[in-house]
Structure formats: C-alpha cells, structure tokens
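Working notes, structure below.
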Amino acid sequence: MTDRFTGSFTQQEPIPDEAIAAAVAVMRHGRLHRYNLAPGEAGEVTALERDFAAFTGVRYCLAVASGGYALACALRALQVEPGEAVLTNAFTLAPVPGAIASLGARPVFVETTEALTIDLAHLERRIEETDARVLMLSHMRGHLCDMPALMALCDGAGVAVIEDCAHTMGADWAGLPSGRHGVIGCYSTQTYKHINSGEGGLIVTDDAELAARAVLLSGSYMHFDRHGAAPPAEAFARLLGEVPNVSGRMDNLRAAILRPQLARLPEQVARWNGLYRVIEAGLAGVPGLALIARPPEEGFVGSSFQFRLPDWPAPRIEAFLARCAARGVELKWFGAARPQGFTSRYAHWTWADPDPLPRTDRVLAGLIDMRLPLTFSEEDCALIARIIRAEAGAI
Ligand SMILES: *Cc1c(COP(=O)(O)O)cnc(C)c1O
C-alpha cells in the first residue's frame with residue numbers, strides 16, 4: 001500500500017565507454033588545451049564545435065567553459081554596457097541574472113505565465129518602460145514560449161534575443177531548434193543538463209561579427225584560425241584591438257567526452273520524453289493538481305517535470321512535500337520561503353532589487369519540480385506518479 005521509491009533524483013547515467021576511451025586518448029597524448037595541436041590535428045574542441053553546428057544547423061559555434069560563461073560572453077559580444085537594462089525571465093536559474101550582473105548591467109525581470117513561459121504582454125510593457133535592446137530569454141525547465149510571437153515582438157522593437165537553452169538542448173519549436181530563433185543561443189554541458197562534461201558551455205549564432213567577438217572574448221589569442229566552426233579571418237581583422245580576452249575556453253578532454261554523448265542525444269531525448277509521458281499520464285485528473293500544457297509546436301526534452309498546486313496554502317504544500325519525501329520522492333518547491341539546493345526564485349535575488357511580480361509570485365507559490373534522470377525507468381516513473389497522486393489526494 002505505501003510503496004516507497006528508492007532511486008536517486010540526482011544520479012545521472014555513467015559517461016559512455018566510447019567517451020571514456022576518447023578522454024583517455026586525450027590524456028595519453030597530453031594535448032588538453034584546445035590550441036595545443038599536433039600538425040594536421042583539428043582537436044576535440046574544434047570537432048565538437050563542428051558537430052554541434054551540424055546538430056543545430058547553425059553557421060558558427062564556440063565551445064566555452066560553462067553555460068553561465070556562454071551567457072555572459074553573448075552579452076559582451078552584443079556590447080551590453082554597464083548600467084544597461086537587460087530583460088530576462090523572472091522564472092529562471094540564478095546564473096542567468098548573474099551573467100547580466102557580471103557585466104555591471106541590470107537584470108529587469110519579466111512576468112511568468114501559468115505555462116511557465118515568459119508573459120508576452122508584460123514583455124511588451126517592459127520593453128516600453130526600459131528601452132532595453134537585449135532580452136535574455138531563458139527556456140527554464142525546457143518550456144518554450146510561442147517563439148514566432150516572441151520573435152515578432154522583439155524584432156519589431158529592435159530587441160536582440162539571446163536564448164538560454166540550458167534545458168532545451170535537443171528541443172525545437174515547429175522544427176526549428178531551440179537556440180536558432182534569437183541572434184545567439186547558449187547551452188550548458190554541466191552534469192544536470194542534457195550532455196555531461198561536469199562543466200561546459202556552447203554558443204551558436206549565424207552572425208559572423210558576433211561569432212568573431214565571442215571567439216576573441218573566449219581567449220583565442222591569435223589562434224582564431226584554429227577553429228572549425230568560426231567565421232573566416234576577415235571577420236576578425238578589425239576586431240583584434242577592440243575585443244578584450246575574457247578567458248573561458250573549453251578543453252579537449254571535456255570536448256572528447258561530449259562528442260559521443262551528442263551523437264546519441266536524439267535517442268536520449270526519446271527516452272526522457274517516454275519518462276515524462278508516464279509521469280504526465282499518472283498525474284492526470286488529480287483534483288487540485290494542475291499539469292503544464294505542452295503546445296503541439298513544442299518539441300521538448302522531458303528531462304524534468306513540473307506541476308502546479310494552485311491556491312494551496314503553504315503549510316499544506318509543505319506537508320505534501322514531507323509525505324512524498326518520506327516515500328522517497330524528492331520534490332523541489334519554487335514557493336519555499338528560503339532558497340534550498342539549486343532552487344531559488346527572483347525575489348531571493350535581492351542584489352538585483354527586483355520589482356514584485358504578482359503573476360510570477362502566484363505561479364511560483366504553487367510550483368513543484370522534479371528531475372527525471374535517465375537512470376529512472378518508466379516503471380520508476382509510474383511508481384513516482386502513484387506516490388504523488390496518493391499524497392496529493394491525502395489532504
Ligand atoms: C544550468 C543553467 C545555466 C548555467 O549553466 P552552468 O553551465 O551551470 O553555468 C543557465 N541557465 C539555466 C536555466 C540553467 O539551468
């Protein structure tokens with residue numbers, strides 16, 4: 001009757017053997033730095049950039065040290081100035097406003113809908129209020145907004161869109177990969193994302209000048225000609241004295257373990273979505289529990305699952321979470337008074353002096369979140385859903 005789940009919500013799969021072999025090969029030859037190459041050798045980082053450019057269908061790709069570095073590098077490439085307002089989602093992870101703050105710029109948060117995406121009407125008002133020229137759009141927990149509507153609004157207002165694709169590597173809107181709607185797409189290859197190198201990031205763009213700026217920013221010295229998915233030398237010529245080196249390269253060891261993982265990402269996405277659909281079906285129709293609708297245009301990656309407990313008083317949510325935890329189901333709550341683990345919300349980022357956002361507050365007050373690592377089976381997910389279902393109904 002009272003089944004217990006015994007899996008770990010934070011245990012990812014091991015690194016595949018092929019990736020381990022590639023990493024060992026790099027360690028055996030010792031050329032870990034991306035520009036430390038034998039004659040005729042492209043190196044693993046350059047190969048990864050080519051692979052990822054092909055995967056997303058983009059012209060230019062740069063691998064960097066982390067997802068947060070990718071975001072800050074994108075802002076620098078767009079020449080965001082200290083004090084400048086940069087718009088971003090109120091529902092996002094702390095490194096996103098942190099990347100904005102790292103340039104001395106000012107994050108201005110935009111409201112969140114019940115679908116967990118950016119509120120386009122509020123975005124329009126924020127653009128008018130702030131005259132911002134950059135939106136850092138965070139596809140938080142993999143939820144994509146109506147991308148054509150967002151791009152029409154931003155293009156019309158002259159706002160450049162940087163996409164934070166930390167949770168949408170492998171996702172698309174109506175077939176166009178996430179990261180290719182805006183002017184720059186940024187990804188993370190940190191352990192909890194879709195491919196795992198511990199830390200790491202990727203930047204994609206079709207804009208030759210932005211790509212050249214990003215390469216120089218990342219610390220290319222005079223080796224920008226050793227890239228495989230960067231613009232031609234002409235794009236760099238007039239930028240050389242102008243762009244500072246804000247070192248944040250990726251190394252061959254990490255790139256070596258990412259390439260085999262990227263090759264099998266489509267398979268992994270199918271597995272994630274299988275897990276996601278089991279949880280979704282298992283939680284359908286629970287009174288008082290709202291599922292997040294997924295639009296048909298959204299090709300998502302179900303690497304995490306969210307649901308809402310709208311209008312539940314905080315003590316009732318706390319009791320529900322405690323009962324689930326007692327049965328091994330570790331849920332995160334975006335409405336908690338204090339930040340816990342990786343989970344904080346915009347109102348906790350007091351350094352950014354955020355305005356209150358009533359719609360976001362209402363959504364996050366009842367928002368529950370869990371990871372779905374690929375070490376879970378569909379049977380595990382069915383059990384997790386049964387436990388949540390029983391405890392949500394147990395008042
Ligand atoms: C993880 C994450 C980042 C930052 O990536 P790191 O590689 O950890 O720096 C940015 N945005 C979101 C939404 C994330 O979850």
Side-chain angles (χ1 to χ4, degrees), residues 10-70 73 165-166 169-170 177 179 185-204 211 214-231 233 245 247-272 301 303 373-375:
T10 53
Q11 182 59 58
Q12 305 293 62
E13 288 187 299
I15 300 300
D17 287 343
E18 195 190 343
I20 293 172
V24 169
V26 170
M27 288 188 284
R28 289 210 193 283
H29 67 53
R31 294 184 295 279
L32 272 68
H33 192 284
R34 71 167 296 165
Y35 302 126
N36 185 200
L37 300 168
E41 183 184 37
E44 291 284 352
V45 179
T46 285
L48 173 67
E49 289 166 343
R50 286 189 179 131
D51 292 352
F52 199 69
F55 179 76
T56 50
V58 83
R59 267 199 211 121
Y60 309 118
C61 176
L62 173 71
V64 294
S66 73
Y69 182 89
C73 184
C165 305
M169 184 187 286
C186 298
Y187 306 77
S188 169
T189 64
Q190 191 237 76
T191 296
Y192 298 110
K193 313 300 163 88
H194 296 172
I195 54 177
N196 174 11
S197 58
E199 303 285 355
L202 290 154
I203 299 175
V204 299
V215 167
L216 292 169
L217 283 162
S218 74
S220 60
Y221 306 95
M222 294 307 291
H223 296 309
F224 49 82
D225 59 340
R226 297 190 188 179
H227 283 243
N245 176 331
S247 211
R249 293 169 303 273
M250 182 174 277
D251 58 87
N252 286 328
L253 189 53
R254 288 194 242 173
I257 71 171
L258 288 171
R259 291 179 61 219
Q261 295 181 62
L262 180 61
R264 62 173 206 171
L265 182 57
E267 259 167 73
Q268 304 287 77
V269 170
R271 288 175 61 207
W272 260 310
V301 182
S303 54
L374 289 174
T375 50

Under a 4.5 Å cut-off applied to non-hydrogen side-chain atoms, are Thr46 and Arg226 in contact? no
Tell me whether the count of non-hydrogen atoms from other residues, nucleotides or ligands lying under 6.0 Å of CD in Gln268 goes above 12. yes
Minimum heavy-atom separation for Ala211 and Pro231, please, with both atom names. CB-CD, 3.7 Å
Have a look at Glu44 and tell me which of Arg254, Arg259, Arg50 forms a salt bridge (charged side-chain N to carboxylate O under 4.0 Å, His left out) with it. Arg259
Side chain to side chain, Phe224 and Ser218, heavy atoms closer than 4.5 Å: no
Rounded distance [0.5 Å steps], CG in Leu262 versus OG in Ser197: 11.5 Å
Minimum heavy-atom distance between Leu217 and Tyr69, given as atom pair plus value: O-OH, 3.2 Å
Verdict with reasoning, Glu13 to Arg271, per salt bridge (charged side-chain N to carboxylate O under 4.0 Å, His left out): CA-CA 12 Å; Glu13 288 187 299; Arg271 288 175 61 207; 3.1 Å; yes
Minimum heavy-atom separation for Val45 to Ala63, with atom names? CG1-CB, 3.9 Å
So, Thr189 side chain and Leu202 main chain: donor-acceptor pair closer than 3.5 Å or not? no
Specify the closest pair of heavy atoms between Val204 and Thr56, including all atoms of both residues, with the distance to one decimal. CG1-OG1, 4.0 Å
Gln190 side chain to Tyr192 backbone, donor-acceptor under 3.5 Å: yes
What distance separates Gln261 CD from Asp51 CG, expressed to the nearest 0.5 Å? 12.5 Å
For the atom pair CG (Leu48) and CG (Leu258), what is the distance rounded to the nearest 0.5 Å? 5.5 Å
Using modelled atom types only, decide if a donor and an acceptor are shared between the side chain of His223 and the backbone of Tyr35 within a distance under 3.5 Å. no
Cationic N near anionic O, under 4.0 Å, Glu49 to Arg34: yes
Quick one: CG on Leu216 to CE on Met222, what's the gap to the nearest 0.5 Å? 8.5 Å
Please find the pair of heavy atoms, one from Asn196 and one from Ile257, that lie closest to each other, and give the distance. O-CD1, 3.7 Å
Do Tyr60 and Val215 come close enough that some side-chain heavy atom pair is under 4.5 Å? no
To the nearest 0.5 angstrom, please state how far the CG atom of Asp225 sits from the OG atom of Ser220. 9.0 Å
Rounded to the nearest 0.5 Å, what separates atom CG in Asn252 from atom CZ in Arg31? 8.5 Å
Considering non-hydrogen atoms only, spot the tightest contact between Leu253 and Ala23 and give its length. CD1-O, 3.5 Å
